[in-house]
Structure formats: C-alpha cells, structure tokens
Number of protein chains: 2
Amino acid sequence: MILGLIRLGARTGYDIKQTIEVTTRFFWNASYGQIYPELRRLEGAGLVESRPDPGSSRKRTLYDLTPAGEKTLHEWLTGPGDLFDMRDEALLKLFFGDLLAPDEVLANLRRRRESFEEVLGLFRAIEARGPEAQHGYVYPKKTLDFGTELVQWMIDWYAQAERDLAGG
Amino acid sequence: MILGLIRLGARTGYDIKQTIEVTTRFFWNASYGQIYPELRRLEGAGLVESRPDPGSSRKRTLYDLTPAGEKTLHEWLTGPGDLFDMRDEALLKLFFGDLLAPDEVLANLRRRRESFEEVLGLFRAIEARGPEAQHGYVYPKKTLDFGTELVQWMIDWYAQAERDLAGG
DNA sequence: CCTAGCATGTAATACGTTACATGATTCA
DNA sequence: TGAATCATGTAACGTATTACATGCTAGG
C-alpha cells in the first residue's frame, strides 16, 4: 500500500497518512506507528529512496520509488493472494438475537443502520470534493463508488430486517 | 462471543471452536490460542463455571454461565459500541488500478469474483444442513442469510465492473 | 502572538495467528 | 490397527493501536 501511495503522489509519511484517511482507510488502514517504521524498512530493502525536501521551509523527508520498488509494487498488484476479512460486532449481536427481546434486537438493528447512514454521509462528502482531487486517476473513484453502494446496500438490508421484525 | 456461544449450547472449548467454524467465523473469528486462555480468564472473573464431564469417556471440561455471566452477556448484547472493520486486499489493488493495464485489472476483478463464488458455495452448503442444525434458534439463519446476500451482491458488483471495463 | 496543522517518531500495550505438543477415543 | 477426530493447551511470532513526545510554521 505504501509503495502504491508514493507512486500515486504521496511524498511524505504524513502525506501518506492523510491520503489513507480519505481513501483506503475503510478497507485498508495504517497508523503512523506502522508507516514511519515501514518507510525505513522499505528504504533498507532498497524499494524506496528518501531525501530531505529542498523547496520547503519545513523539515520533511520525501520518498520516491526505486526501480526495485516499482517492480515489487507491480508484482504485488498482479500477484495472487487477496486477503479478505471483516469483523462486524453488530452482526455478531444479531447472531445472538434469540437471547434478546424483539425490541432489543430492533434497537440494535436501528443503531447499526444509523451508523451506516453516517458513513454514507462521509462518503458523499468525500465524493463532493469532485474529480479535481483525483489528479487524473480514475480507480480511486471506482473504489469510492464501491463503498457508497455497499453501505447503501447495508442500510437497505438493515431497514428490511427492521420491517421484518416489526411486521411479523 | 464466548459467553454467547456457551449460552446457545456450546459446552467445551473445542465445541466453541467447531461452532465458530460454521457460523461466526466470516464476521467474527477466534482461534484456540484465544479461546482456551479466555475461558480461564472468564472463570477467574466469575462469569463461567467449569466442571469435568461426568457422562463422557473423554476427559473434557464443560462450561456454563454463572448469573454474573448471563448479566455480562446481556449487557454486551444491549450495549453500545459496535465495532466494524474490513480489510479487502482486492479492493486495495483496484484502488491502484491506474497503475495497471486494463487486462491486469480485469484479471484481478475476475479472481476476486471467483473467490466470492466459492464462498457462496460454502454458504449454500452450510444452509443445506437445514433447520435441524439450528436447535430452534432463528437468528443464526438470519446472519447466514445476510452473508449469502452480501456475497451475492459482491459477485454482482464485480461482474458489473468486469463488463464496464471490457465494454467501455 | 497564538492556534491549527504540518511533520516525525518511539514505547508500551494489546491483539491474534501459527506452530507445536500431547494424548485419548471412535470407527472403519 | 490405524486414521480421523475429539480435546486441551503453550510459546513464539507478527501485526497494529494508542499514547506519548517533540518541534516547526503558516495564517488569522
């Protein structure tokens, strides 16, 4: 991920984290505690090169991919092994719904739906930044669309489950 | 989760793990390395009680909830704070699609779709066990339905993305 | 001048998996 | 009798978060 973000134009560790916050964090997150040590590790492995920023008044370290870094990035992007996992505590609580009264289950369903509605608002806000934030790249928008549609699907599913429970 | 599974009828650490494997593992997993130490911790906290199995030829430890355990379980089930997170490496690769040739992106989309189709087959196999495996509980089936429909949605999304890419 | 944001990092902690180790029992 | 499965556990390792620490600078 870090190699890719540098390749797309993120220059510093801080910059990488800022980008993650409005893009991949919903399906692939990373903290400063990972990013900075990892940048050093990548440099040690010869995949990135660092240099102090010449044009800036701030002291910050700029990173670029080396040819080896480009190669590693491309190999990962075309390689096998696509990890997928999710943890969903609301679904786990739903699994135990038989241990609750119907109104308690209903409250849980509603709470989860509302939290997804907030996420949807967040996605719409990011979307509203428009295409100029994308620097000509089209796939970040595609993954954002995935997120928007997925969250919308979740909202619909929970709304339907609420109706099922209330109705009969 | 462990309190809930004991409550639903899982008696031993092994039993808990077996149940997880065919139910919650897709949205909430746990390994033996977590389960056995956690059972001891729960007993130390007075939330569960253990006793050797009297009616079995095997040496195994049976667990039951204490009243304090029931209370803690109910408080968790009705309480706030529903963690949700997912890691999706295929989506991350899609995010970097601008760095790939169209046929490489297409191969990634197809691979992910196919892996979801396998998961769908797994879910259908679990579903085929029928209602007698549910011991009269209805919500485990409801979460399985969620999984089936979600995976189906994912398959459709990826199939559509493949068409978008191939067509225009 | 002062606050928000830029910028980099470490240490402690928590979380979770994997591999290993052991042994009994059921059933073909 | 031998393989699969029941059954319990630990140690090492890897991953990730959180809290903390530091200091600069741009802009109101």
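Letters A, B, ... mirror the listed sequences (proteins, then strands); counts begin at 1. Computed over heavy atoms, backbone and side chain alike; hydrogens, waters and symmetry mates excluded. All figures in this text were calculated on a predicted structure; none of them were measured in a lab.
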Item checked: Protein-nucleotide distance (B:L39, atom CG; D:dA7, atom P), rounded to Å -> 14 Å

Checklist line | Phosphate-side-chain proximity, A:Y14 and C:dC6, N/O vs OP1/OP2 below 4.0 Å | finding: yes

Checklist line | Of B:L39, B:T61, B:L62, the residue whose pairing with B:T12 passes side chain to side chain contact (heavy atoms under 4.5 Å, CB included) | finding: B:L62

Note to self: Measure CG/A:L62 against P/C:dC6 and give the value in whole Å, please.
What the structure shows: 15 Å

Margin query: Which heavy atom of A:Y158 sits nearest to which heavy atom of A:A90, and what is that distance?
Written below: OH-CB, 4.2 Å

Checklist line | Closest non-hydrogen atom pair, B:G79 against A:R111 | finding: O-NH2, 2.7 Å

Next item on the list: Between protein and nucleotides 9-28 of chain D, map the contacts as a letter string: B base, S sugar-phosphate only, - none, heavy atoms under 4.0 Å, written 5' to 3'.
Entry: B------SBB-----BSS--

Next item on the list: Answer yes when B:E114 and B:R110 have at least one side-chain N-carboxylate O distance shorter than 4.0 Å, and no when they do not.
Entry: no

Checklist line | Note: A:R11-A:D64 ion pair, threshold 4.0 Å (strictly below) | finding: yes

Note to self: Rounding to an integer number of Å, can you tell me how far B:D53 CG sits from C:dA24 C1'?
What the structure shows: 14 Å

Next item on the list: Rounded off to whole Å, could you give me the CD1-to-P distance for the B:I35 and D:dA7 pair?
Entry: 14 Å

Item checked: Atom-pair distance (NZ on B:K17; P on D:dC6), nearest Å -> 14 Å

Notebook entry, point to check: Under the criterion salt bridge (charged side-chain N to carboxylate O under 4.0 Å, His left out), which of B:R87, B:K93, B:R112 is the partner of A:D82?
Noted result: B:K93

Item checked: For atom CD1 of B:I20 and atom P of C:dT17, their distance in whole Å -> 10 Å

Item checked: Nearest-angstrom distance from the residue atom CD of A:E38 to P of C:dT8 -> 16 Å

Checklist line | Interatomic distance, B:Q18 CD vs D:dC6 C1' [rounded to whole Å] | finding: 8 Å

